[in-house]
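Everything on this sheet refers to the single structure shown next.
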Amino acid sequence: MKMKKKEEFIYFNEEAYNVLQNYLLHQVDSIKNIFILVDDITSIHCLPILFRHISFLKKSNLIKIKSGEKEKNIYTCIQICKDLEKLKATRKSLIINLGGGVITDIGGFVASIFKRGIRFVNIPTTLLGMVDASIGYKTGVNLGSIKNEIGSFYIPKFLIIDPHFLKTLPNKEILSGMAEMFKHGLIADKNFWKEMNQIQIDIIQNENEWIHLIQKSILIKQKIVDQDPKEKGLRKILNFGHTIGHALESYFMSIKEMLHGVAVTMGMIYESWISFKINGLSFSDYIEIRSKLSTLYPIQNQISQLEIDKLLLIMEHDKKNEKNKIQFSLLKEIGKCSYNCQVPSSLIKESFLI
Ligand code: NAD
């Protein structure tokens with residue numbers, strides 16, 4: 001299946017590899033000009049799958065980094081640029097990012113700055129990468145504990161979606177990606193939210209059973225991004241759950257592991273409470289969201305007063321803020337979302353205590 005849109009570049013399954021192979025054979029002058037970026041886990045689980053589909057890629061250049069969010073920084077990018085230089089990359093080179101959101105964010109950013117911009121292809125191998133991180137042209141890295149502080153908007157040549165990669169992905173990572181799928185339903189498509197509610201945990205490793213939901217989720221995000229690529233307005237609805245979610249993720253990053261999906265889920269619950277208080281979300285919708293998400297995810301219920309103050313400080317430095325005001329995207333109802341909402345600090349604090 002190929003998405004019909006202004007710029008057709010998202011391909012699924014078998015067709016995806018055919019299109020990519022054809023492009024590489026005809027539009028890249030030499031195999032030496034192809035660079036595959038992997039981490040130490042995707043090099044084991046995902047690279048052999050890519051090679052099975054396009055065998056000549058075995059002769060391309062491999063750049064491997066350690067896996068994990070800690071690697072998503074400017075120093076890793078500098079090292080990759082040095083590797084590219086050493087391997088004689090040119091302005092005609094092309095990077096294939098094979099991995100989760102960390103790899104597609106880093107690889108996309110490097111592609112956007114190396115020699116003022118070279119081509120890249122995203123092959124996301126996590127659910128979060130497929131339905132979220134690799135879509136929407138945002139690339140970037142963290143600055144210390146500030147998420148995605150350095151980055152660019154940069155368009156990949158292709159986005160290749162192959163759900164077979166999910167077979168080796170741990171359940172907690174699947175759940176992390178599903179959080180963004182739930183979000184897509186909550187902000188833009190009530191029927192999709194309902195469909196997502198039917199997913200049984202025991203089928204999540206069998207991607208054939210819900211590939212159609214992955215495709216729908218991608219379409220929802222892509223449609224929003226196409227209307228507002230640079231996030232001047234509508235695209236901000238994708239930030240639902242993320243104002244608080246990113247603060248939680250930044251704060252807990254240095255203390256213990258908190259998966260992006262869990263942070264965003266907690267953010268969606270707290271921001272649904274705020275939506276109920278000031279944006280017209282009905283109490284029954286709030287309860288439906290809270291009970292669905294809190295049964296699926298390991299939500300940390302107790303956040304101390306000290307932690308709440310620190311979280312607020314982080315939110316005050318959110319790059320999405322305008323005129324020194326923390327900006328929220330809030331639900332009006334399930335399937336409809338507003339953006340540029342200002343929320344008093346007292347209500348943000350209250351949401352953590354409910
Ligand atoms: P990740 O890239 O760290 O992947 C999670 C783990 O799964 C890693 O250890 C990875 O090595 C491993 N892995 C990847 N594919 C695998 C496979 N097929 N089988 C087994 N293991 C596999 O994390 P993620 O959750 O994919 O992405 C999170 C990142 O995405 C965050 O940095 C977040 O900020 C970013 N993000 C970016 C955007 C954007 O618009 N650019 C949107 C959302 C999230």
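Indexing begins at 1, ligand by ligand and atom by atom, following the structure's order. The residues of the chain are indexed from 1 along the displayed sequence.
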Chi angles and distances behind the salt bridge (Lys or Arg N to Asp or Glu O under 4.0 Å) call for Lys147, Glu249: CA-CA 9 Å; Lys147 290 271 303 170; Glu249 205 177 2; 3.6 Å; yes
Intermediate values then yes/no, side chain to side chain donor-acceptor pair (under 3.5 Å), Ser217 and His184: CA-CA 6 Å; Ser217 187; His184 290 159; 2.8 Å; yes
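Among residues two or more places apart in sequence or in another chain, the salt bridge (charged side-chain N to carboxylate O under 4.0 Å, His left out) test is passed with Lys115 by Glu85.
Scanning the protein heavy atoms around atom 16 (C) of ligand 1, the nearest turns out to be Leu169 CD1, 3.5 Å. Annotation: atom 30 (O) of ligand 1 to nearest protein heavy atom, Gly101 CA, 3.3 Å. The nearest heavy-atom contact from the protein to atom 33 (C) of ligand 1 is Lys147 NZ, 3.5 Å. Asp39 OD2, 2.8 Å is the protein heavy atom nearest to atom 11 (O) of ligand 1. The shortest contact between atom 42 (C) of ligand 1 and any protein heavy atom is with Ala133 CA, 3.4 Å. In terms of protein heavy-atom proximity, atom 18 (N) of ligand 1 is closest to Phe165 O, 2.9 Å. For atom 4 (O) of ligand 1, the closest heavy atom belonging to the protein is Thr126 CG2, 3.6 Å. Scanning all protein heavy atoms for the shortest distance to atom 12 (C) of ligand 1 gives Ile41 CG2, 4.2 Å.
Of all the heavy atoms of Glu69, the ones lying under 4.0 Å from any atom of ligand 1 belong exclusively to the side chain. Within the 4.0 Å heavy-atom criterion, the part of Asp105 lying near ligand 1 is the side chain and not the backbone. Under 4.0 Å from ligand 1, heavy atoms of Val102 appear from its side chain as well as its backbone. With a 4.0 Å heavy-atom cut-off, ligand 1 is reached by no atom of Asn142. Neither the backbone nor the side chain of Pro124 comes within 4.0 Å of ligand 1, counting heavy atoms alone.
With respect to Lys221 and Glu180, no salt bridge is recorded, no charged nitrogen being found less than 4.0 Å from a carboxylate O. Salt-bridge check for Glu271 with Lys277: failed, with every basic side-chain N at 4.0 Å or more from each acidic carboxylate O. Ion pairing between Asp105 and Lys72 holds under the 4.0 Å rule for side-chain N and carboxylate O.
Remark: ligand 1 atoms within the under-4.0 Å shell around heavy atoms of Thr42 are 14 (C), 15 (N). The Gly100 neighbourhood of ligand 1 comprises atoms 2 (O), 26 (O), with distances under 4.0 Å to a heavy atom of that residue. Close contacts between ligand 1 and Leu128 involve ligand atoms 24 (P), 25 (O), 27 (O), 28 (C), 30 (O), 44 (C) [criterion: under 4.0 Å to a heavy atom]. The atoms of ligand 1 that sit less than 4.0 Å from any heavy atom of Cys46 are 17 (C), 18 (N). Atoms of ligand 1 lying under 4.0 Å from at least one heavy atom of Thr125, given by number and element, are 14 (C), 15 (N), 16 (C), 17 (C), 18 (N). Atoms of ligand 1 found under 4.0 Å from any heavy atom of Lys138, numbered from 1 in the order shown, are 40 (O), 41 (N). Atom numbering of ligand 1 starts at 1 in the shown order; those under 4.0 Å from a heavy atom of Lys72 are 31 (C), 32 (O), 33 (C), 34 (O), 35 (C). Atom numbering of ligand 1 starts at 1 in the shown order; those under 4.0 Å from a heavy atom of Thr168 are 17 (C), 18 (N), 19 (N), 20 (C).
Two rings, from Phe9 and Phe158, have their centers 6.0 Å or more apart. In this structure, the ring of His164 has its center no less than 6.0 angstrom from the ring center of His53. Here Phe352 and Tyr270 bring their ring centres to under 6.0 angstrom of each other.
In this structure, a donor-acceptor pair under 3.5 Å is absent between the side chains of Asn142 and Asn73. In the model, Glu195 has no side-chain atom that pairs as donor or acceptor with a side-chain atom of Asn191 under 3.5 Å. No side-chain donor-acceptor contact under 3.5 Å links Asn22 and Gln27.
Cation-pi geometry between Lys230 and Phe153 is met: under 6.0 angstrom from the ring centre, within 45 degrees of the axis.
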